Q: 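Below: one structure in structure tokens.
Any value given below was found using the heavy atoms of this structure, including those in side chains, with hydrogens, waters and symmetry copies removed. Just so it is clear, the structure is predicted and the values come from calculations on it, not from any experiment. Convention: sequence-line order gives letters A, B, ...; per-chain numbering from 1.
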Amino acid sequence: MTHFSRHMTTRNPVWMIPLALPFVLYAGQAYDLALLFSVTVAITVPTIHGISFFVERWLPRHLRAISVLVIGAVVVTIVEMVLVRMDQAPSDRTRYMVQALAVAGITVWPTFSSPAGESFRHRMAVAGGLAVGFVVGFVPLAAIRIALSRSGYHYADSVAVGFLLLAVGRMLISTYRRYGSAATPHGNTPQDTAPRGDHP
Amino acid sequence: MSMVALIMTVALTQNVVLVHYLGIYQLSAVVRSPRRALAMSVATTVALVWVGLIHWVMYRFVLVPLNVTVLSTISLTVVLAVTLVLVLRIGSFLFPFYRRQLRQGAPAALVNVTVFVITMALVEEVPSLVHVVSGALAAGVGLGLALVPIAAVRTELRHRRIPWVLQGDVSVYLAAAMMALAIQQIDGLLHQFFIPLY
């Protein structure tokens, strides 16, 4: 499994390693917010890491964070200015969330966890996988919440229902990982994946 | 906005975790134990106050007079990045045996959406420095009020026999959902008294 596909699936930033929960819970309330954040994350995360990787080469390892944070802020500021120029100026709360992409886990985590001597290809695979994984994981959650909200269940916009849907999703994933992969030749059996203490 | 209204708004009716979910990224790791959740809340509160102070000075005395408030994201991010490097350097020098914990904890406490959004909102919406500091402290208290009970529920569930499908992150999400529901009811009651900050 490549780094790209791993960060889309087993390390998905929405369902498996929740690095993007603030955006998922906020943006999954309306179609326009869902579209805005899907496009913004898909563009900004690979762009930030693509530029930052070359700047980081000139910096000591402990200063890598400065590079990715500053470049993240510049890219996000440009995105914000483009939105204003297009007469799509977001509300205060949305603007803060768009700005927060500069320091979000989904943006800075690949830098903090990168191995020494990392190649450009590896970094872009991780960043691209996270960005695509965000969109892939976010779209179904947003679709369910928006559909529930449109059908008259107004609490679907709340954080409580967002957490509840995430919990249900994790239950489905756990069930699939426990039983769904048991039929494959190299899959784990239910006994392999059972928590310690449940073994006979 | 009065001081009491600001504190109530930031700590309770606009709780950073349970109303806006601006929580720390690895929520499940942070709420592994009440002690860890408390430590992370205190660290984030200190970060909120420090970053709020510096960014308020930058915003009011540099960005606004020069009419370049559009650069506030870059300004705040530079403050966060420089603070992170200083904390790691000074912390590693003063506490060499805790270097590994510092390298793991400092980025999580400092570079997160909570610190960013709360600081940005307070500095732009609240006029005085005293209010910014009070609001930052209240947001930190709100973070602790949300994280510590969730951690306590998770710790308690770990010692109980629950179905395997509810173990791990699922129990954290369910605990957070129930607490968010409770806060939502309190929010509904207090909403008529306190105007939302953002």
Q: Considering all heavy atoms of both residues, which atom of B:Val70 and which atom of A:Thr77 are nearest to each other, and what is their separation?
A: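 Looking at all heavy atoms of both residues, the shortest contact is O-CG2, 3.5 Å.
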Q: Using a 4.5 angstrom heavy-atom cutoff, name the option from A:Val24, A:Leu164, A:Leu166, A:Thr107 with the most pairs to chain B.
A: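 Most pairs with chain B among the choices: A:Leu166.
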Q: One pair to check against side-chain contact (heavy atoms from CB on, under 4.5 Å): A:Asp92 and B:Glu125. What are the steps and the verdict?
A: CA-CA 10 Å; A:Asp92 276 356; B:Glu125 309 290 337; 3.3 Å; yes
Q: Has A:Tyr31 got more than 12 heavy atoms of other residues, nucleotides or ligands less than 6.0 Å from its OH?
A: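 Yes, enclosed.
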Q: Would A:Ile43 end up clustered with A:Val41 when hydrophobic side chains under 4.5 Å apart are linked, directly or stepwise?
A: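 No: no chain of side-chain contacts under 4.5 Å links A:Ile43 to A:Val41.
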Q: Just do the side-chain contact (heavy atoms from CB on, under 4.5 Å) check on A:Thr175 and B:Trp164 with the steps written out, would you?
A: CA-CA 9 Å; A:Thr175 308; B:Trp164 65 268; 4.1 Å; yes
Q: Please look at B:Leu166 and chain A and tell me whether the side chain, the backbone, both or neither of the residue comes under 4.5 angstrom of a heavy atom of that chain.
A: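 When you check distances to chain A, only side chain atoms of B:Leu166 fall under 4.5 Å.
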Q: Transitively linked via ILVMFWY side-chain contacts under 4.5 Å: B:Val165 with A:Val168?
A: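 No, separate clusters.
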Q: B:Val68 and B:Trp56: same hydrophobic cluster, using ILVMFWY side-chain contacts below 4.5 Å?
A: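 B:Val68 clusters together with B:Trp56.
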Q: Rounded to the nearest 0.5 Å, what separation is found between the CZ atom of B:Phe116 and the CG atom of A:Leu69?
A: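 One finds 10.0 Å between CZ of B:Phe116 and CG of A:Leu69.
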Q: Would B:Val49 end up clustered with B:Leu129 when hydrophobic side chains under 4.5 Å apart are linked, directly or stepwise?
A: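 Linked within one cluster.
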Q: For the OH atom on A:Tyr155, are there more than 12 heavy atoms of other groups (residues, nucleotides or ligands in this structure) within a distance under 6.0 Å?
A: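 It does not: A:Tyr155 OH has 12 such atoms or fewer within range.
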Q: To the nearest 0.5 angstrom, please state how far the CZ atom of B:Arg89 sits from the CG atom of A:Leu63.
A: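 Answer rounded to 0.5 Å: 7.5 Å.
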Q: Which one of A:Ala102, A:Ser158, A:Gly169 has the most heavy-atom pairs closer than 4.5 Å to chain B?
A: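 Option with the top pair count is A:Ser158.
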Q: Over all heavy atoms of both residues, which pair between A:Met16 and B:Asp169 is shortest? Give the atoms and the distance, please.
A: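 Reported closest heavy-atom pair: O-OD2, 4.4 Å.
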Q: Answer yes if A:Val108 and A:Phe53 sit in the same cluster of Ile, Leu, Val, Met, Phe, Trp and Tyr residues linked by side chain heavy atoms under 4.5 Å apart, and no otherwise.
A: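 As far as the 4.5 Å side-chain criterion goes, A:Phe53 and A:Val108 are not connected within one cluster.
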Q: For B:Thr73 and A:Ala73, which heavy atoms make the closest approach, and how far apart are they?
A: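 In this case the closest contact between B:Thr73 and A:Ala73 is O-CB, 3.9 Å.
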Q: Out of B:Arg103, B:Glu124, B:Met178, return the one with the most heavy atom pairs under 4.5 angstrom to chain A.
A: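 Answer, by heavy-atom pair count under 4.5 Å with chain A: B:Glu124.
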Q: After noting the C-alpha distance and the side-chain angles of A:Leu21 and B:Tyr173, does the key distance pass the side-chain contact (heavy atoms from CB on, under 4.5 Å) rule?
A: CA-CA 11 Å; A:Leu21 275 191; B:Tyr173 290 155; 4.0 Å; yes
Q: Can you name the one residue among B:Val117, B:Val115, B:Thr77 that meets side-chain contact (heavy atoms from CB on, under 4.5 Å) with A:Val103?
A: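 Testing each of B:Val117, B:Val115, B:Thr77 against A:Val103, the sole residue satisfying side-chain contact (heavy atoms from CB on, under 4.5 Å) is B:Thr77.
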Q: Passes side-chain contact (heavy atoms from CB on, under 4.5 Å), B:Leu174 versus A:Met171? Steps please.
A: CA-CA 11 Å; B:Leu174 289 176; A:Met171 284 186 217; 4.3 Å; yes
Q: Given that the side chain runs from C-beta out, which part of B:Ile74 has a heavy atom under 4.5 Å from chain A: side chain, backbone, both or neither?
A: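 B:Ile74 touches chain A through backbone and side-chain heavy atoms alike.
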Q: Counting heavy-atom pairs under 4.5 Å with chain B, which one of A:Val74, A:Leu101, A:Val68 comes out on top?
A: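 That would be A:Val74.
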